[in-house]
Structures are given as C-alpha cells and as structure tokens.
Amino acid sequence: MQYEFIFAGFGGQGVLLMGQMLAHAAMDEGKKVSWIPSYGPEMRGGTANCTVIVSERDIGSPVVGSPSCVVAMNLPSLDKFEDVVKPGGVLVINSSLVTREPKREDVTVVKVPATDMANELGNVRVANMVALGAVIEATKVVAPDSLVAALKKNLPPHRQNLLPLNREAIDKGRSSV
Amino acid sequence: MQYEFIFAGFGGQGVLLMGQMLAHAAMDEGKKVSWIPSYGPEMRGGTANCTVIVSERDIGSPVVGSPSCVVAMNLPSLDKFEDVVKPGGVLVINSSLVTREPKREDVTVVKVPATDMANELGNVRVANMVALGAVIEATKVVAPDSLVAALKKNLPPHRQNLLPLNREAIDKGRSSV
Amino acid sequence: MSEKLLMRGNEALGEAALKAGCQLYFAYPITPQSELPEYLSRRMPEIDRVFLQAESEIAAINMVYGAAGAGVRVMTSSSSPGISLKQEGLSYIAGAQLPCVIVNMSRGGPGLGSIQPAQSDYFQATKGGGHGDYHLIVLAPASVQEIVDLTILAFDLADKYRNPVMIMGDGLLGQMMEPVSFPDRSDVVLPEKPWATTGYTGERPKNIIRSLELQPERLEAHNQKLQEKYADMIATQKRSDEYLTDDADIVLIAFGTVARICRSAIDMAREKGIKAGLFRPISLWPFPDESLAKLGDKERTFLTVEMSCGQMIEDVKLALECRRPVHFYGRVGGIVPSPEEVLDKIEQIVAGRCEA
Amino acid sequence: MSEKLLMRGNEALGEAALKAGCQLYFAYPITPQSELPEYLSRRMPEIDRVFLQAESEIAAINMVYGAAGAGVRVMTSSSSPGISLKQEGLSYIAGAQLPCVIVNMSRGGPGLGSIQPAQSDYFQATKGGGHGDYHLIVLAPASVQEIVDLTILAFDLADKYRNPVMIMGDGLLGQMMEPVSFPDRSDVVLPEKPWATTGYTGERPKNIIRSLELQPERLEAHNQKLQEKYADMIATQKRSDEYLTDDADIVLIAFGTVARICRSAIDMAREKGIKAGLFRPISLWPFPDESLAKLGDKERTFLTVEMSCGQMIEDVKLALECRRPVHFYGRVGGIVPSPEEVLDKIEQIVAGRCEA
Amino acid sequence: MARGKVVFNEDRCKGCELCTTVCPTKILVMSDKINKLGYHPAVVSDPDKCTGCAICARICPDCVIQVYRQ
Amino acid sequence: MARGKVVFNEDRCKGCELCTTVCPTKILVMSDKINKLGYHPAVVSDPDKCTGCAICARICPDCVIQVYRQ
Amino acid sequence: MRLVFDRPQSLADVQTHYCPGCTHGIIHRLIAEAIDELDVADRTIGVAPVGCAVLAYNYFNLDFQEAAHGRAPAVATGIKRALPDRVVFTYQGDGDLASIGTAEIIHAANRGEAITVVYVNNTVYGMTGGQMAPTTLPGQKTTTSPYGRDTDLAGYPIRVAEMLSTLVAPQYIARVAVNSAPNIQKAKRAIKKAFEIQVNDNGFALVEVLSTCPTNWGLTPEKSLRWLEENMIPYYPLGDFKVPKEVE
Amino acid sequence: MRLVFDRPQSLADVQTHYCPGCTHGIIHRLIAEAIDELDVADRTIGVAPVGCAVLAYNYFNLDFQEAAHGRAPAVATGIKRALPDRVVFTYQGDGDLASIGTAEIIHAANRGEAITVVYVNNTVYGMTGGQMAPTTLPGQKTTTSPYGRDTDLAGYPIRVAEMLSTLVAPQYIARVAVNSAPNIQKAKRAIKKAFEIQVNDNGFALVEVLSTCPTNWGLTPEKSLRWLEENMIPYYPLGDFKVPKEVE
Ligand SMILES: Cc1ncc(C[n+]2csc(CCOP(=O)(O)OP(=O)(O)O)c2C)c(N)n1
Ligand SMILES: Cc1ncc(C[n+]2csc(CCOP(=O)(O)OP(=O)(O)O)c2C)c(N)n1
Ligand code: SF4
Ligand code: SF4
Ligand code: SF4
Ligand code: SF4
Ligand code: SF4
Ligand code: SF4
Ligand SMILES: [Mg+2]
Ligand SMILES: [Mg+2]
C-alpha cells in the first residue's frame, strides 16, 4: 500500500513542516517515506508545497502526478491541486480560508476549519497540526501516537514547550473528521 | 618530386630564416611548400631547426621522419640529424664549426666552410645564406634567381641594403659545391 | 549502522563526507546545493574540521588541489555553471593524480538556465569537460541512502586510484528527505599517502605535485600510466542495478532521480501487462556496458530516459553495439518527467508507434 | 583571391578573421597560439579595429559575449587549459544564441601538460565541455589555406545560426607556414542583427541577451528551439573530405594535422600495394557520419588515428553503427605520429596482427 | 487645504511600511485590507496634512507613490 | 696577499656578465673559452685584489660563486 | 497641483520580484532617474548580474544583457568596445562584484573602461539564501557563517571603493547608502555623476551603494535601514573616494 | 680563509633553465637563504606558478606543488588549511598574480591566510614570449603592445603592493628590487621577514620583487638592471607598505 500526499498553502503556514512530521512518524513506524519540497524558482513568498510518500515497499518516483491525498491550506492551493487528486482519494480543505466548494465529486472531501480551530486554541500557527490531525484520521496513514512522538523527537529544544498545544491541535483535527 | 629539408643550428645562426627563404623561393616558382619550426619546449637558447618541404603536388605530412636533405650548421645538429637523412640524400655541413667527419656513406656529403666564408664577406651572419647557396646548388630545388628574388621581397625595408651581400653569400655557397 | 534519520539529500551527503573522513570542504554557494555548504558550515567547526567558503568555484577547486596534494581527504560541491568553471582545475587534479570528491547537483542549462533539476551535464562529467585525456569516476545515486553510500565509496575510490570522483545528483535529490543510516566508520584506517607534500625531511625523495611534462615522451608515458589506471577502473568499477529485467520486453535505461520515476512507470506498465524492466547505471563512468550488453543479447527494445536532450544514449548505443533499437525520451530545462508520461512513451513504443 | 603569401597558421587565421569582418578580438596569451594575438595586436590598430588583451581567458570569453550581443563580429583564441576556463562562458553564449568564433590551438594535457600539439580536446569541443545541452560547430582545418577558408566560414556560420563556432587546430598547424591566398570579401554584406543590444529607441521591442529562464516550461521550449537549430546544422553542415577511398580496403579516419600525416602514410601504403584511403572529418561537430557510414557499406577495415587516447573513435563507431571493425592508433602528450609509424600500424592490421 | 497630495498605486504596494516610518507628518498607515499581491497596502490617513515633500515616494522601493504639490 | 677568494663553478656560469660589472675591484672578466653550456664564463683576472666582499656572489643569478674571506 | 514625483520613464511599469522593503528597488529608480535626466535611454545598455537583480532587465525600459555571475564588467567591456558611443552600465551585487568577479572589476577599473558600475553591497548573497559574502561584517551571522563571521578564518569585509581607489585610471569612485531620504538624495547625485563621467569624460566610474536585505537579515524593512546605518556605515564610510581631476 | 658565501642548502644544486642574467635566480636564492636561516626547510611547501618559474620545484630542496596559472594562492590556502603547522609559500609572476590570478591573491590576502607570497614583477609575460602584462609600463613595447602600452586603451600598470595594503588582514606587504647588491640585501631582509610573519604571527605576507627579463626586454642583463632602476622604481616605489601592528 502506498500513500501520496501533497501539502499546499502559503509561506508561513508551516506546510513543509506538516509533511516532514508525517514523514517522520511514518518512518518511525517502519515505513518507507520520502519528502520533497516544491522546489520552484520562486525563492520566497507566494505558495509553498511539499510531496510526501508513505509506502510499505521501496518508493519509486518521489514525484507524484496524482496523489492519493491533497491538503489545501488556502484557496490558491485548492485551485492548483484539486484536479490532481486520484479518483477515490482524499481532499482535505482548510475551510477557514477556502471559501468556495470543491468541484470534485469522485473524492472524499474533508473540510476542517483549521485556522479557526487553531485560533480557538490560542495560536494560529498550529493550524497545520489541526489539518494534519484530520489527514491521519481520514487516511489512517499513521497512528496518532506516532505523530505525537515524531513531533516530540523533532521539535527543537526551544519549541518543546509547544508540544501539548500541538497534541491538542492534532486531536482537534482528528475529531473534526 | 618532393624535397624535404631539415635546417639545424644554434639560435642566432638564422636557420629558421634559411628555411623560410627557401620556402618563399619555391612558392614563387609555383611549387607547394610547407615550413615548420621545431617547436620544442625549449623557448630560447640551445638549438633551433625547421623543416621545409617543396613539392610538385599537395603536401601530405608536414613532419618528416627522413628528409632528403639535412643542413647542419653546427656539431650538435650533425649529431642529432645525421642519422635521419634519406639514403641517397644530401647532407650539407658547415665545416667551419663541424669538426668531425660525417659517418654516413650512403648520402652525398657537401662540406661548406660557411662561417668562414661569411667572415670573409665581412659579416658572419650571412653564413646561413652561404649554406643555402650550397643547398640549392646541390639539390637544384630552386633556381638561384628565385632565391634572390625571395630575399628581395621578404627582407624588411631596413635590411634591404644587405641584399648585395646576401647575393654574394649565396653565390659563394653555390660555387663551393 | 546508525539509527534511521530523515535527512535532505544535500545534508546527508555532507554528513556522509564527514563519516568518510573528509577533513576539508571548500565551495561557493549555488542553488540547488547550498544546503550542503550550509550544513557543513555548522557541522565542521563542531568537530574541528575545515569549512571554507571560497571566493569562487575556481578558487574552491584549486584549494581542493592544494589540500588533496597535502594528503588530506577533501571535497567541493557546486551545480552546473559552477562545475563548468572547475573544468581546468579538474583536468589539473586528474593530471596530477590527486584524490578528491566533487559534487554536482546539476540544474537546467545551458547558460544560467534555471535552478530546477536536470541531467544535461552527463557529457561534461563522463567525456571530460576539461582538456586532455582524463576521466573522473562518476557515481549517480538515486536515493538519499545511496547518496550516503556512494559518497563514502567516492572517498575510498578517490584514494585507491589517486583520482577525482564525482557524485552526480540533481536538485531534486539534493532537496529530498528520506530515511538514512550511516555506517560506523570509526575503525576504518585511511590509506597512507607517501606521495603527499608534507615537508621534505630527507626520509623520502622530495614530493612534487604537478602535471607539467615538457618532454613529449615523458608526457606520453604519464598518459599511458593514467590510461592503465582507467583500464583498471573499467575492469573493476562498473556499477549498475536492474529491476525486473529478466523477462522484460522493453528495458528502460535511466540514472538518478529519473531511474526512480522509471521504476514507477514500469510498475504501472506491468499492471497493464507490459513486460518492462529497468537498467540503472550507478557508475556513469565507467559506464556499465557489459551488463547492459548482456541484456542486449535477447531480442528486446530499449528506451533511454534522461533529463537532457539525449546524452547517455550514446553510451547506451555503444554498449549495445547498435544491435537493438534504442528509443529516447527526454525532458529538459528543469522539467522532471512524470511516471505517467514515461508510461505513455512505453505504450507508444510497444504499440509500434515510435521509430528508434 | 589575393596573391599567394607564405604565412604561419596562427597569423593567417588572424588575417582571415579580419577579412571576415571581425571587429574585435579579446584574448589572453598562451602557447602555442600567441602569434595570433601578437599578429592582431599589430594589425588591428592599423585598421581601427579593437585588439584587447584580457586579464584572463574568462574575461576574454565574457567580453566576446558582450560584443557579440552588441551585434558585432568578434573572436577569441586560446589553447587547451585556457579553453577549459571558457566552458561556462561558452555555455552562456550558446544559451543566449550569440554568434562568435573561438579558436583552440590545442596542446598536450591533462593539466598543464605540454605546449606540443595534441587533439585530446575533441570530446570537450564536440560533446560540450560546459553544462547543459548545447553544441558548438567545430571546424578542423588541415592546412594553412584551410585555416583561412574555415575561419571565414566560421564567422558566416556563426551569424547564420547565432551560435558559437570553434576552429580546432593544434600547435603544429598554428606554427606552420604554407602559402595562402585570401578571398576578396570587400563586397560581402554582413547580415542584419535586429536582436542585438544597440540601445532601445522604441522602434523595436527592447532587446535582452540572456540565458536565464526560471519557468521550466519556457526553458524547455528554449532548449527545443536550440535543438531544432542543431538539427538543421546536422542536416546541412556536415563536412568531410576523402582521399583514395573508392577502392580502399582500409580507411583511415583522421582530422587536422594527423590527416596530413595519414595521407603520406597512405601514399606509402599504396606504393606497397596496400589499398588504403582517408576519410577526413572537417566538421567535427556535426560529425559527418553519413558519408562515413557510406564507406561502411562495403566490407572494409577502419583505422582511427588521433593525437589522443581515443576520442573521435566513439563517433566513428556510432557512425558505422558498429558494423565494421574500427582500429585505433594514437599518440599523446605532444607527440606527433610519423607517417612511418602509421604505415606500420596499417601493415599490422592488414596482416591481421591487430584486434579491433 | 493640503499643500500636497499622494496617490498610491495600491496593487503594487508590498506593505513594507517604509513610507509610513519616514513621513514627517505621520499621515501614512497600513490598511487592513489586502491587495492583489496579498499585502496590506499603505494608505493616507489624513490627506489634508500632506505637505507634498515626497519623502515617502523617495524611500518607496516599489515606486508606488506619485506626489503632487501646489 | 688577498683578503678574499672567489671560486667559480665554471660550468654553471651563463656568461651574463653581471658579476663583472659589480665587482668593486674590477677583477672579474669574461673568459675567452666556452664552458659546457656554451657560454663564456666569468673568471678572476687578478685574484690578489679580491677583498672577499661577496658582492659578485650576491648578484650572480646562478649561484656560481663561492666566496672565502680571512 | 502639479506632479512633482513620479516613476521615471526608464523604469518599466511592472511589479518587481524583490522582497518587501528591499532597497534594490530604490537603487533601480535612482538609475532610471539619472538616465532620464541625462536623456540617454535610447543609447544605454545595461548589464545585469547574477544575484537578486538578475531580472533587472525586466525592470528597465532599456536594452540589456545578462552576464554570468561576476563577469558583468567583462561583458560591459565587450559592449562598450563594440559600440563606443553607447552608455553602458553594470548593476552588481557584492557577491557578484567583490567575490567571484574580483578580477573582472579590478581590471575593468584599471583599464579605465568608460562604463558606469552600480555596486550594491548588502553584506550577503541575497539570491541564494543569505550566505556569507566578502562584505559580511565581523561577527555577522549568515547561513554559511552560523556562528558569526570569524575574522581569523574568513578575514575582514572588503572595502571595494577604497581598494579600487588605489588604481590610476578610475575617474569617480564613491560610496553612498539608501537608508534615509537624505542619503537617497546623495546616492542619486552620485549615480548621476557616475553616468555623467561616462558620457562626458569617457571614464570609469563606480558607486558602491549600501543596501538592505531584510529577508536574509531576518529584520523588518525598517529595522534593516537602521541596521545598515548602525553597522554598515561605520565600517563602510560614505563619501567620494576618487573624483575627476578637474573637480578635485 | 673561511667560506663566507655559498649556495644555501634549500637551493638545489642544479642548473636552472632561466636565461643568462635573469634575476629570477637571485630571488630563488634569497628565498632559500631565508628558509635556511629560519630552519624550516623540512616543513616548508612551495607552490610554483605557471610562468618562467614553473619549474621552480626543480630548484629547491623542498616539497612543492605546481598550481594552475594564477591559482597559487588558492592552492596554498588548501595546503595551509590542511596542514596548519607547515610553512607554505607561493612564487608568482606578475601575469600570474596580477592578471589571471587577481581574485585569488586578493582573497587569500583578505582572509589573512598564513602564507608567504613572493611576487616577481618583471613587467611582462616572460614565459610566453614577452606579451604585455598588467604591470607593463606606459609606452613600453611588448609583443602584444607593439606600439607601446597605450594607457587610454590598456590602462595603467597595477601597483599590487599598494592595492593589497588597503585590506585589513595582511600583516606585511613590501616592495623590493634585485637590481643592485644593496637592494638585494634589502630584498633578502624583506623576504625573510615575510616568512617570519608566517612562522611567528600566523599572518599573510607578500613581497613584491622588481625583477628583470633581459630576453623579452631585448637588453643585456646589465642594461636590464639599469632599466629596472630608471623605469620601474620610479613607478613602483620601494619600501614597506604594511608592517605588523607591533612593529608599526
Ligand atoms: C558561477 C556561479 N556561481 C554561483 C552562482 C549562484 N549564485 C547566484 S546569485 C549568487 C550571489 C548573489 O549575491 P550578490 O551578488 O551579493 O547579490 P544579491 O543577491 O545579494 O543582490 C550566487 C552565488 C551562479 N549562478 N553562478
Ligand atoms: C590558463 C592559462 N592561461 C595562460 C597560460 C599561458 N601562460 C603561461 S605562463 C604565462 C605568463 C607568465 O607571466 P608571468 O606570470 O609574468 O611570469 P614570468 O614568466 O614573467 O616570470 C602565461 C600567460 C597558461 N599556461 N594557462
Ligand atoms: S509627501 Fe511627505 S507629507 Fe505627504 S505623505 Fe509623503 S512623506 Fe508624508
Ligand atoms: S514604501 Fe511603498 S511598498 Fe512600502 S508600504 Fe509604502 S507604498 Fe507600500
Ligand atoms: S668578492 Fe668582491 S672583490 Fe672579490 S671578486 Fe667578488 S666582488 Fe670582486
Ligand atoms: S654573474 Fe654568475 S652567471 Fe653571470 S657571468 Fe658572473 S658568474 Fe657567470
Ligand atoms: S533576498 Fe534580500 S536582496 Fe534579495 S530581494 Fe530579498 S531582500 Fe532584496
Ligand atoms: S624569459 Fe625573461 S623572465 Fe623568463 S627566464 Fe628569460 S629573462 Fe627570465
Ligand atoms: Mg549581496
Ligand atoms: Mg612576468
């Protein structure tokens, strides 16, 4: 079984980190993983996205044309990636910032008001973890505990205090599905 | 018919010029010619030599293993090139500076006391033209007039006054054969 | 082997170099390899090694020359335009027989081109972008783990042969994160280098590092020595990998990132009942021609896929001695082909809709 | 045509460039091509053209870039190590599609090597020593007259294709004197260059000379445009010469100086009753593969002779599609093979004492 | 009556805030809304106080501001 | 009795004449004979006058001269 | 009311890719103003560097060439020698001019090439992500000097204006900054003078402009201006380092 | 009588390929004397240039590396950083150091690499046949300035010592000449000091040595010394341009 994800949003939303944490968690579960940033000519500002693959066996192409899951943290990301989700795949939408309805009918759409929920938690920056919670709930790609463990292992020392908040954000995201 | 010459001596004896003048003369007679300097790693001092080919038809290799004529203006040149003269070829020796006898018996040896003769003419620098006179006499590769005409055409303006001297040197060389 | 770490290709390469005993690193920034100098600028001072940002790629390769001649493991890295600037230096290093590692995370060209991945420096790397008859050993990893393994191998081969070794990657490989583990190299004993310029104490003849030889006969003899070394590399250092080639009717040939993509395309083709397989050169020089030639013994079709206008295909044809049709599919300018488009090409070939 | 003059190759090249309308020349001294800058430093000021000795080979090639982009005929020259330093610039020039002429009077390598003649920069010239997919047109004269003719052609082709053209000679050709005559070019009209940066007056869109294209799709499209140009060169610009090939049992392949030597060896072979012939590529890129392939239609043996360890031989094999045995004879390090030793090799092959 | 007037090419503003910090009369502020580029553009809070000194325009890296003076 | 003495490594001399021009006592001259390298080497014409000042040796580019002093 | 300040004609009416608050934009405008005022746009050719200003050709209404990294002075030399009556200028960053392109700028200056050089010193390699430059200040942290520039290992920041002023040929060499309105006015005058020198006296002129890189410095645009003033100007003093003989 | 002057130990007892009267030979000897006197021969590594001194490695009893043309300072940097306790010096001509190698010398000096540079200025490219160098004097005829160096087109000779003295890191920069016995003694002291700076203070030191090229100048060795004195010294003044702080 192989899962392919594209996480997309604007710079500052922490989309690259979302992907990395998922990859860490899956790796620690013994799966094969790969992560690539959209390494575009734009150096800063604008949109950001990354591709994560989680697989039981060796990963071929790290680039994916049609991922099994797309996470759109803002409207431009939905516009750009809606079409590429694999039929039957999952489309996770940050409904706080995405105003329009998705057009795809052959995919499972998961709407999470991630930014609002993060705001409720007191820190808009954890919107990414809310969305990531929704992702693992909808896809079951990794166990929630693995994700929390990955965060714990990989947050830099001066960010460790944010761990409980992140855990809450993940839970909130999961329960929103 | 193709003639190949190697002119060799020490720097300052004008061996490169000898070759060039012969090439000019032959070219003006409508023949194919090529001239290459020994373009060795030594940049200055030491020995100097050049290869001239005069031919009725297009010249293949401008490099010659066994020339039909070698002109040795000093002893080291004789040492270096005596062996390569084609059997039946011509070996011209500046006997003023070459003290030993040549070993080859299968070639025509022409001894010219070129340096001494040039000294007699009042200018040691025309030893090369004395030797060249001997060469054209011995090989008949070009007519003496062609050589004089070539000199006239190619001596720089401030050297034109040396023309009569050079002509004398050539004649002296020719008559010494 | 260390525990698994999730690392970027560029950073894993840096760490692998340190594991291999690389004492000095000289380079000049350029996208898409800058994570490598950035990583080493943090790590090397921590362990008392030398990180030095050179004033240019030319200075960097000549610093490598000096340090390698002093007998110490050393590396430089760059991307396409910067590698072009190193060509004189590489020719000198090869001529003077100095061991070192050069990394090219190549990008779209020609000229300034783009910062996106490409493989269009294949000719430069394998045929000799510099002057004179010389060869680099060129290794092309296809995963972050392989970056680690080949980087360590590169240092060992460099010393073994007193020859520069190039790691040829691309921007995508450098930016990608994958799990890696590092071998424990703490007990590896590095080879002695009695030829290095360390000071003439009189215990050995004085050591001179150079490539000048004004006497043609001696320069020819020196070249013959180099050629014998290359012949040994050709005999023993060809590396390649195969995937589902046994029963394949169509064999794809691709290296690095593109080989990964081809693997996915092959899986998709197999699902559609097309017997496709992959031949992946790991050493681009020496090119693994014999293994490929063996595949050419059977009636099969071949397809070279490159992020270039067609460079490795010449070596493929020579290896197959023109006995089999060799098709080509290439994307350039920083475009990474997708598995789907490669599959499409496979299907077209199988359907007889392409001329080789 | 002018009257016959006896000139050195390097100087004849300089005069030919002037005849071709070369307005500027930028270069850095290096043996064995220094007679060329020395000649032009005398001649160009006399006729109000620009001779400028650059601070380095890199500066020289970038000055060429600027002047070519300004729409003016321009040339640079060097020898092997200096040509290696120009590789980044050449890739930029090819990428930005600028017409210019580059001369390589090549010498023994690798590294500092020697100042004696060699042909071991064949790969660098023909496969692309710089990064990215690009090609130079490479012309290899074999006599001083041909230096003149091909230099003039080089300027014309450069403009026709907006592409750099390289004249590949060697030290021997550069030093040699032979009779030459110069065509009268006084009534030749040089092509317009509406793309040149001459100042934006508003009468045309602004002109930008560049090779950057950050959008991969556009860089790919640009590369396709370049490839189409190269395809046209391949279709129309292959040049070669043959000598006694019709009835030849053994065909020698050689370019430049070596081709001359082979001709003499062939004459000697014929005298001994061996039917030998010569195929001489004049354009090294595009390589005249079709004409050579035609010779391969008959049962014959081939012998490539190079002043290198074997570079052109790859193109020879590809051209012959590996249908015929291809032998190799090479001398390196500045050694010029003699007709006698080439003859010897021919005799050995004919006697069946060599394996291809 | 204002001595000067500034006109902002709003969609070019990158919200860098430099103009707001240099205006001697402190009449430039960042808007709440977001422009085409996704930035909060600078706007004039109190146009009447503008002296037309053009200091804002001179420091603007993006040539967003035209200045008129009486 | 000379205060100094110079010893020439004659076959290394390139006949550049520099030593002859700097010797304060003017006792160095060029020989008529030709050495192994083909040059006329410098020699001492009047050894007794040598002061051992070593000026000749210091200017010799080819380290031809050894100097002794009392 | 009349229009007293507007975009200069030579500056293209397009959005730039520069980061918010990056002073590259100001410097572009000053160049365009100088060209407009001298009325030479139709005979001016710009040479863009490799660096953040690599796309400069999109931002001017002028013919342009893009040079390889560091080689702009050589490219400009080629253009100027080919077309001596044109006005040729280069626009170069500190990595471009003071590191990889050291030889090219020194020799163009030394030859007295009649070109104008605008040299933008922002103490880092902006485009490639903020690596250390030859101009990075002692102790300054960058992505390749994570512990701060160690002058024992990496030496001291190079003062280009001072170094080039030891050469005979250059006519005009100055250092300015664009961190405040008055300094911007001075910068404008210097840049204009550097073009005038070319147009009138056929000489080489270089203006070093102290500039900001908010993105890689990790500061807001406003704080960047302050950082420039407090850290750069003390090390890189402003002023004229070489002026034409007549004016001296 | 005792031996008061003899070939230094570090100077190999072989014939050199230099032309008669070429002062490269004197400079070689001075270097060998300095190394002998400091007793560091067994830990000294030389870097030879491409230029007439390309074969320098044959003339010293020292380990040596041959650098590509102009790159000796980078090669020396590589050696010194690899083996910090060794003494590393480069020997470079004016074409090598002041033309193609401009960037490398400036940045090695600017980093304060603890190396010693002996820079031999003979106003021409000796090895390749006497072409114009960046140091060729105004009006001087060479094979590529047949009408004399035209400063309008080729600029002025570069004064390397002065230019490098604007940098902070270098410890010692001096210019000497080897045209007379007294000047040779001064040159000796400067070269020795340049090695001492490296050995004791871990600093960068450069000595520019005015030298002759009788062959390409077309003068006798003796006239060459005079030409140096009358033409070079006025343009290239002798003296210390930078001395270590302690000594200042
Ligand atoms: C030969 C080469 N080396 C390196 C690079 C990568 N590179 C692009 S821009 C740049 C530095 C730019 O810094 P600077 O000149 O200071 O300009 P800034 O971006 O700061 O304005 C570098 C190293 C390149 N494109 N080409
Ligand atoms: C890259 C490169 N460019 C050019 C040359 C040719 N070259 C050899 S030595 C030399 C100049 C030497 O002049 P200089 O450094 O002044 O030393 P000198 O011979 O005068 O002592 C040149 C240009 C080369 N070998 N390599
Ligand atoms: S013109 Fe002057 S007063 Fe008016 S907004 Fe701008 S800075 Fe303020
Ligand atoms: S200075 Fe310009 S870009 Fe910045 S906020 Fe003001 S108007 Fe906008
Ligand atoms: S030591 Fe002095 S006196 Fe003696 S020969 Fe030499 S220079 Fe003359
Ligand atoms: S200085 Fe030396 S080489 Fe010259 S003549 Fe005197 S002894 Fe001979
Ligand atoms: S990276 Fe720095 S220099 Fe480049 S545009 Fe952004 S702020 Fe300006
Ligand atoms: S060419 Fe000049 S520098 Fe070179 S060895 Fe001869 S005299 Fe000395
Ligand atoms: Mg910068
Ligand atoms: Mg010199």
Legend entry - Test side-chain hydrogen bond (donor to acceptor under 3.5 Å, both in side chains) applied to C:Asp170 and C:Ser106, step by step: CA-CA 4 Å; C:Asp170 63 52; C:Ser106 67; over 6 Å; no
Checking heavy atoms, do the side chain of [X], its backbone, both or neither come under 4.5 Å from chain C?
X: D:Leu90; result: neither
X: D:Leu226; result: side chain
X: D:Asp315; result: side chain
X: D:Leu212; result: both
X: D:Glu217; result: both
X: D:Arg210; result: neither
X: D:Glu321; result: both
X: D:Glu314; result: both

Judged by atom type as modelled, is there a donor-acceptor pair below 3.5 Å linking the side chain of [X] to the main-chain atoms of [Y]?
X: C:Arg107; Y: C:Gly171; value: no
X: C:Thr197; Y: C:Gly69; value: yes
X: C:Gln33; Y: C:Met105; value: no
X: D:Arg323; Y: D:Leu320; value: yes
X: C:Ser84; Y: D:His131; value: yes

Among [options], single out the residue with the greatest number of heavy-atom pairs under 4.5 Å to chain D.
options: C:Gly129, C:Gly333, C:Gly111, C:Ser80; result: C:Gly111
options: C:Cys322, C:Ser308, C:Cys309; result: C:Cys309
options: C:Gly130, C:Gly310, C:Gly334; result: C:Gly130
options: C:Ser79, C:Gly82, C:Gly113; result: C:Gly113
options: C:Gly89, C:Gly108, C:Ser114; result: C:Ser114
options: C:Ala118, C:Gly109, C:Ser120; result: C:Ser120

Inset, instruction - Select one option (side chain, backbone, both, neither) describing which atoms of C:Arg331 are under 4.5 Å from chain D's heavy atoms. - result: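 Both the backbone and the side chain of C:Arg331 come within 4.5 Å of chain D.
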Legend entry - Engaged part of C:Ile335 at the chain D interface, taking heavy atoms whose separation is under 4.5 Å: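 Contact with chain D involves both backbone and side-chain atoms of C:Ile335.
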Inset, instruction - Apply side-chain hydrogen bond (donor to acceptor under 3.5 Å, both in side chains) to C:Asp133 and D:Gln311, showing your working. - result: CA-CA 8 Å; C:Asp133 288 286; D:Gln311 300 194 2; 2.8 Å; yes
Legend entry - Max heavy-atom pair count under 4.5 Å with chain C, selected residue of D:Gly95, D:Ser91, D:Ala125: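 Of D:Gly95, D:Ser91, D:Ala125, D:Ser91 has the most heavy-atom pairs under 4.5 Å with chain C.
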Inset, instruction - Between chain C and each of D:Lys317, D:Gln119, D:Glu57, D:Glu213, count heavy-atom pairs under 4.5 Å; write down the option with the most. - result: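 Option with the top pair count is D:Glu213.
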Legend entry - Candidate list C:Val64, C:Ile58, C:Thr76, test side-chain contact (heavy atoms from CB on, under 4.5 Å), partner C:Lys86, passing option: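 Looking at C:Val64, C:Ile58, C:Thr76, the match for C:Lys86 under the side-chain contact (heavy atoms from CB on, under 4.5 Å) is C:Thr76.
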Legend entry - Cation-pi geometry met for C:Lys345 and C:Tyr329 (6.0 Å, 45°):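 No - C:Lys345 does not lie over the ring of C:Tyr329 by the 6.0 Å and 45° rule.
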Legend entry - Ring-face cation contact, C:Tyr161 with C:Lys229, 6.0 Å cut, 45° max: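 No, C:Lys229 does not lie over the aromatic ring of C:Tyr161.
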Inset, instruction - Please check if atom NZ in D:Lys127 has more than 12 non-hydrogen atoms from other residues, nucleotides or ligands closer than 6.0 Å. - result: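 Yes, the 6.0 Å shell around NZ holds more than 12 heavy atoms from other groups.
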